[in-house]
Amino acid sequence: MKSLIAIAGLLCVCAFAGCKREQRVFDPGSSGSQPANGVALNEVHAGGPIQVPDQGPYEESAYAVGEGKRLFSAFNCVGCHNHGGGGIGPALMDAKWIYGSHPQQIYSSIVQGRPDGMPSFAGKIPDYQVWELVAYVRSMSGQLPTDVAPGRSDEIQVKKAEQAKKKEHPPDETPQKIQKGQP
Amino acid sequence: MIIAAVPGFPGNQTSLNPVGPGAGRIEGEFALIFWITAIVYCLVLIALIVYVARRRHSMSDIPEPMPTTPQSDRWAKVAVSGAMVVTVLLLFTMMIGSFVTGHALGNMNRQTAYTIDVYAHQWWWEVQYPNDEPYKTVVTANEIHVPLGVQLRIHGTSRDVIHSFWAPNVQGKRDLMPGYDTDVMMQIDQPGRWRGQCAEYCGEQHAHMSFYMVAEPNHQFQQWLEQQAQSSIAPSTPQTVHGQQVFLSHACVMCHTIRGTPAGSRVGPDLTHLASRATIAAGLLPNTIGNLGGWILNAQALKPGCSMPPNQMTGSDLQDLLAYLGTLK
Amino acid sequence: MITTTAIESTAELTDQERLQAARLESVWREPRGWGWFKAVHHTTIGKRYAVTAFVFFGLAGLLAGGMRLQLAFPEAHILSNDLYNQFFTMHGSTMMFLFAVPMMFEALSVYLVPLMVGTRNIAFPRLNAYSYYLYLFGGLMFYVAFLCNTGADRGWFSYVPLAGPDYGPGKRPDFWAQLITFTEVSGLAVAVEIVVTVFKLRAPGMSLNRIPIFVWGQVVTAFMVIFSLPGVVLSSTMLLLDRTCNTQFFNPAVGGDVLLFQHLFWWFGHPEVYIIFIPGTAVISTIVTTFSRRHVFGYLVLVLSLVATGFMAFGLWVHHMFATGIPQIAESYFTAASMMIAIPTGAQIFCWIATLATGKVVLKTPMWWAIGFFFVFIMGGMTGIFVASVPVDLQVHDTYFVVAHFHYVLIGGAVFPLFGAIAYWFPKVTGRMMSEKLGQATFWLFFIGFNITFFPMHLVGLRGMPRRVYTYPANMGWTTLNQIESLGYVLLFIAVCLLLVNVSRSLRHGAPAGSNPWKAGTLEWATMSPPPHYNFLHLPTVNGREALWDAAPNQPVVVGLDEDVRSFLMTRSLDAEPDTRDEFPRPTIWPFLAAVATSIAFIASIFTPWGITLGAIPVAITMIGWFWPDRQPAEHRRTREIWQSE
């Protein structure tokens, strides 16, 4: 009897553990499907704190990251960024982030556009697809766990698969060492 | 004769209602195998039932095992050998029938056939009518118009995973695979809208990946082809002008082409002549204003997992957009 | 001379025999309690295989119920498309990898073959235990993954590129691929044991032409397993490498090939269905022989048909790929081969009917299942000719017609014989008889329910309904047939429940069986029911094809083997003359530990390539423990042999 309970407990634990990676949300609901317009970059707000959206769900779902990969080619991000190595646009697979590497910052880059050539996609891509793209972009520099990041693509190979990419450490995410004697 | 054996069924998307020589020959081989196997099956089972009934012993006890000698088994030897000979002959008959049918199908002339390119996507069919003059090449989706009585060459491949092009009334299926180019010869002799469906599991919406082969007399087909080769006409009423603006300023332009506008993306189906098609969403829904509106607003509710995202817009924007799309004949 | 006449119970034994039995029992006893993990006797492991496989059969059957519920209504939303895709993949994979082969080949052969050839244990008993644990852990892994929303969802044959890294996000196809690894290592191990058991451990006098047809069937199956399973191990490993290690086996853009997967898979996939079917024919031969009360007609033809089927099964695989556009001449060859394999199968059927026609037919439950086999399997064979013909296959491939075909041949060719085998051997395994009334009710319910469920699938497939669709439009004319099929499922469900009721009731209240309630002729009926752990009090010798029916009045037994250790006799492969002797190993924990280590390595490799390299270390350690030589028995044996030679 005890062993049965132990096994049932183990199964429940497993049920929670594996869930997020395999989540497939096809219909994101009305808030997710509105055209992307913008997202607050911090919680400070007139009138009180607001909730900054948590992008965990997209970064933890292999399906969502895979969709992001499909959209990266479909929406011609590869035209400027190639497959992460950059070209007309900056490389996305390294540790250098001109406008920040946090998910909200990448979202803003996509939606607002950026000087010197990054188009604004506001109103053109539904919100949830921007978050899928954000998750994929982060996977290109190895930020995502290997079981969530995509494997190699069925194309001519121009880089390692995202799941094999060594994790880069963007400066804004790496804690800076405090030097002695400095205030 | 097969149809008579299967009562009351509709004639579309079935191999038992051939509308061309391809499916017709296959039905012939099917009938040959059907009658031979049906008769053999009945004979073997009648023999089994008869012998079990005749030789059954009382249920209450189990008798001692019987001794057997070569003499006692003589007629059994003759019977089994005879049955084997008949089996081999019948198998050879069906096999030769199969070879003859396959040979005839393979001999459908390639040189003079009219070529149509089919590119299978997850979960829709891109159809191109190549022309020596590139600007006359027609690109459409999910609805394949063909001239009656003309040899067709469906030249196909897949843009992602393995799909299978199958219009059972017309011809056997052919798998469309990435990395492979394939040709399948067809001919349709009866006019009509013959439904086909993807026949190789290709992911979330394999169940909703259908197409129609519309067979019409040659002059009608040429008219259709010419119309499809045109660019879209510019919208003329305020509503349709605004509708075009809605199209160009929303997510639509990220995936769809409408020739004659700046929208040129090849991710999704070409919409230049959307209003000339009878169905939308790869045969899922009839092409009516209500269905189209529902599809645009939330395709995921109708075909979850497909590549079309939900789109939010105001009611009046949607109406104008639908009015514009309705002009794309 | 002591004879091999059936021993009803220990009451019949002389005092000397009783002492002998007690000595054998103390040497061969299986450990209790935590010793469950140390068991190495083939009857114990065989029973575990059977129970585990039946549990998986039940799980896969429940999944089928979910599918039938979803398909009972057009455009239903009972199962989402994602869940339905997982359901049909789990159903197919479970039935093929976790039920059909483990039950028909592994369970039946592991339990029955050593008894039927007259030896005390299967060859390589520790490998046998290891293979069972691997099978169990692989199945558990697969279902735990399913509970974690990671159930495989790309079909039971998981074609690329749909299952590849680009179109199969997440870990679902990886769990499928590793399930293959678990079950195929397990299957290969049992195949090797069966071949060695049948060729080296037969009772003296059991020359090749006296081997029971059941054993012939299982040894042919074992050879087929050995040659075909590497194909699927290769394809699933290549898939796993593509998904986790950046290999390009199936990437057409750089020279890989998606058809390579199909060829490798179906090289295995076609023999696989014969691996499932041939043990079914082996069971039918046995049941028909026993319940016709005569030697089976055409022994030589039957054996040659089994061997011919085994060979020819390897020449058919491309008939699963007729729609891929291969050259016509190649297609014609595979059409010819696929039709010609009906010849040996037809020969078997005619021989069985001839046996019935010239025997005295006893209509007990096992015989009913055999009759049901004829009806159902032959229908499946007939539709097989349709799909063997390329033009017709191009219309019915990947439709419900072919779903109907393979359910008729698989359920007819495996499940019907299996339920007959359960009714037939239950008395031997448990010592109790099953209820005849319940047995016949089960048969009729199952037979009728099966036909109601699967016959309409022929029609709905011809009317254009493809396979693996989670729903269908209401205006296609498929609704009524689908509803009939879903109703038939209810009958099948009740029938299987009845079978379980019969088993559980008979276990507790069934009439005592004695050693040979069916008065059958093969050697397993020569010993007590259930067999003691040493199998036979006196190891038998054999005088004819049906060992008990053809036994001479004073049929000799084997004497001279040391009864203080687990000794066994090896005989020559052709004529079974005594050759040498050796010792079976005693119960040991190492197979279990090795299986745990192997499972950890396999499951870890789903998530990281280091899983195999680092995981090999614990495996190596357990293997060292397993193979550590045991000095004492070897010296003891040497001392005894020196003494005996003086």
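Naming: A, B, ... by sequence-line order, numbering from 1 per chain.
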Shorter than 4.5 Å, heavy atoms on both sides: which option in B:Gly179, B:Ala251, B:Pro178 has the most such pairs with chain A? B:Ala251

Is B:Leu248 close to chain A through its backbone or its side chain, or both, or neither, when contacts mean heavy atoms under 4.5 Å? backbone

Looking only at non-hydrogen atoms, find the nearest pair between B:Glu204 and A:Arg24 and report the distance. OE2-NE, 4.2 Å

When the 4.5 angstrom heavy-atom criterion is applied to A:Gln129 and chain B, the contacting part is side chain

How far apart are the closest heavy atoms of B:Gly305 and A:Tyr63, and which atoms are they? O-OH, 4.2 Å

Within 6.0 Å of CZ in B:Arg266, more than 12 heavy atoms from elsewhere: no

Can you tell which part of B:Asn298 gets under 4.5 Å to a heavy atom of chain A, answering side chain, backbone, both or neither? side chain

Does atom NZ (A:Lys160) have a neighbourhood of more than 12 heavy atoms from anything else shown, all under 6.0 Å? no

Sort A:Asp27 into side chain, backbone, both or neither according to what part of it lies under 4.5 angstrom from a heavy atom of chain B. both

Atom CD of B:Gln227: over 12 foreign heavy atoms under 6.0 Å: yes

Strictly distance-based, threshold 3.5 Å: is any side-chain N or O of B:Gln312 a donor or acceptor partner for the main-chain N or O of A:Ser30? yes

Are any non-hydrogen side-chain atoms of A:Pro28 and B:Pro310 less than 4.5 angstrom apart? yes

Any side-chain heavy-atom pair of B:Ser307 and A:Arg70 under 4.5 Å: yes

So SG of B:Cys255 and CG of A:Leu71: to nearest 0.5 Å the spacing works out to 7.5 Å

d(B:Gln300 CD, A:Phe26 CZ) to nearest 0.5 Å is 7.5 Å

